[in-house]
Colleague: 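Can you read through this structure? Questions will come right after.
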Amino acid sequence: MRPYPTLFILFVIICLTSTGVKAQTDQALTREIFKELIEINTTNSTGNSTEAAEAMARRLKAAGFDAKDIFVGGPDEKSGNLVATLRGSGKRKPLLLLAHLDVVEALREDWSTDPFKFEEIDGFYYARGSRDDKAMAAIFVANLIRMKKEKFTPDRDIILALTDDEESGDSNGVAWLLANHKQLIDSQYALNEGGGGQEIDGKKVLNAVQLSEKVYQSFQLEVKNRGGHSSQPRKDNAIYRLAHSLDNLAKFDFPINLNEGTKVFFERSSKLETGQLSEDMKSIITASPDPESIKRLSVYPNYNAMLRTTCVATLINGGHADNALPQTATATINCRILPGEDPVKIKETIISVLGDNSISVTEKNPAKLSPPSPLDAEVFGPIEKITTQMWNVPVVPTMSTGATDGVHLRNAGIPTYGVSGLFADITDVRAHGRDERIGVKAFYEGQEFLYQLVKELSSKTKIDRKK
Ligand SMILES: [Zn+2]
């Protein structure tokens with residue numbers, strides 16, 4: 001099932017050619033903002049996100065934003081968040097642009113460059129946060145300034161939220177804003193990190209849009225035994241029982257369960273692949289998938305993770321001495337539950353698969369549910385149109401097997417789309433790692449993409465034409 005009719009694409013292409021918006025982005029200003037953001041250390045250990053939030057607030061005020069439309073606040077001195085609003089005509093509920101200010105730790109000695117210095121080398125910007133997530137943060141600020149300069153009046157408020165503690169720490173900015181100032185960021189839907197353009201060998205392949213995230217849930221397994229002297233072993237050994245049960249789990253697969261987004265993912269991906277893999281992807285989205293196709297696709301860890309809930313043993317512990325029968329054996333199994341599936345049911349399934357009633361199974365963390373965002377044509381139409389126009393590659397909806405701040409927004413009833421138009425080679429992922437970087441050209445193209453997308457999503461005239 002396609003998310004929008006072909007006729008609609010034709011319509012939007014006609015709309016685009018008739019608008020002729022060609023205002024130039026001020027790349028020098030964007031670069032300056034990006035550099036400023038990067039050179040403010042926002043790590044959890046020694047950084048200060050309030051400084052970054054205030055720096056961006058100053059930029060927006062200087063560009064003409066009213067002080068009452070700018071908010072900086074957080075749970076403590078160093079965990080500041082910025083919320084700024086470009087006022088619209090209020091015809092529709094606001095659009096939220098979300099990016100996080102905090103970055104993962106980085107050690108100078110691990111890097112080829114200083115991770116907290118903005119460096120341009122051979123067509124790349126290097127620094128911690130250059131990709132995750134200060135590129136989007138800087139772009140959103142620069143684009144709002146551009147819109148302000150152009151005196152653009154959107155048909156809805158455009159709210160920018162730059163927040164703290166996405167990566168680590170216990171002062172998550174989105175959760176704090178939702179709990180304390182929900183009215184500031186309440187919106188119809190949000191754009192966030194989690195998507196992006198994918199390149200292989202310098203060739204652009206697709207523009208990924210994240211619609212959903214799997215739910216993280218770990219369980220602690222524990223077997224108790226009276227123990228004893230290892231010279232007189234008994235068959236009810238705690239380690240053997242745990243090992244036997246884990247083996248049952250290793251052989252088990254949860255049933256496949258595709259949602260609206262993952263179906264389109266496999267449908268689009270089948271066109272980018274060839275041969276058996278392509279055929280298997282086509283089969284998997286039919287009403288009665290070929291069991292052999294499921295088997296073959298499940299061999300790929302990334303496709304397997306898209307098809308079903310997964311639970312895997314990640315930690316194991318047991319015994320207390322070389323010469324004693326173990327009194328305790330424990331294991332952690334980490335589950336990534338499909339959005340929409342019930343963690344309670346998953347736990348019941350695990351207990352029955354383990355097949356040993358003496359093993360206790362307890363949750364190690366509360367599951368944060370995250371309903372998938374709908375494949376809304378109002379959002380996907382413009383994403384597809386601009387992607388086609390700029391790069392002529394397909395838009396592919398994805399489900400992240402990790403997590404972003406989208407989980408908080410989706411839980412609060414704000415559908416969230418991970419979309420950036422920032423392209424990078426899929427074999428060269430450096431976010432969270434050493435020498436993090438973003439292509440200079442990719443950065444400004446992403447800026448233009450997000451500018452056009454936000455404008456499109458907040459211009460009533462174009463939406464009217466669609467009807
Ligand atoms: Zn991030």
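All residue numbers refer to positions in the sequence shown, counting from 1. These numbers were taken from a predicted model, which means no experiment stands behind them. Both ligands and their constituent atoms are indexed starting at 1 by order of listing.
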Colleague: I'd like to verify the contacts: list protein N, O or S atoms under a distance of 2.8 Å from the Zn ion (ligand 1).
Modeller: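 Metal shell, protein only: His100 NE2, Asp132 OD1, Glu193 OE1, Glu193 OE2.
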Colleague: Between Glu378 and Arg92, does at least one N-O distance fall below 4.0 Å, as a salt bridge requires?
Modeller: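 Judged by the 4.0 Å cut-off on N to carboxylate O distance, Glu378 and Arg92 do form a salt bridge.
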Colleague: Going by an N to O cut-off under 4.0 Å, is there a salt bridge joining Asp110 and Arg434?
Modeller: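 Between Arg434 and Asp110 there is no salt bridge, as every charged N stays at least 4.0 Å from the carboxylate O atoms.
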Colleague: Between Lys455 and Glu150, does at least one N-O distance fall below 4.0 Å, as a salt bridge requires?
Modeller: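 Judged by the 4.0 Å cut-off on N to carboxylate O distance, Lys455 and Glu150 do form a salt bridge.
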Colleague: Salt bridge check: are Glu120 and Arg437 linked by an N-O gap of less than 4.0 Å?
Modeller: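 Salt bridge flag = no for Arg437 with Glu120.
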Colleague: Enumerate donor-acceptor pairs with a distance under 3.5 Å from any side-chain N or O in residues 414-423 to protein atoms, sequence neighbours excluded.
Modeller:
from: Thr416; atom 1: OG1; to: Ile414; atom 2: O; distance (Å): 2.9
from: Tyr417; atom 1: OH; to: Pro374; atom 2: O; distance (Å): 2.7
from: Ser420; atom 1: OG; to: Leu422; atom 2: N; distance (Å): 3.0

Colleague: For residues Leu101 and Lys134, report the shortest heavy-atom separation together with the two atoms involved.
Modeller: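 The pair with the smallest heavy-atom distance is O-CE, 3.2 Å.
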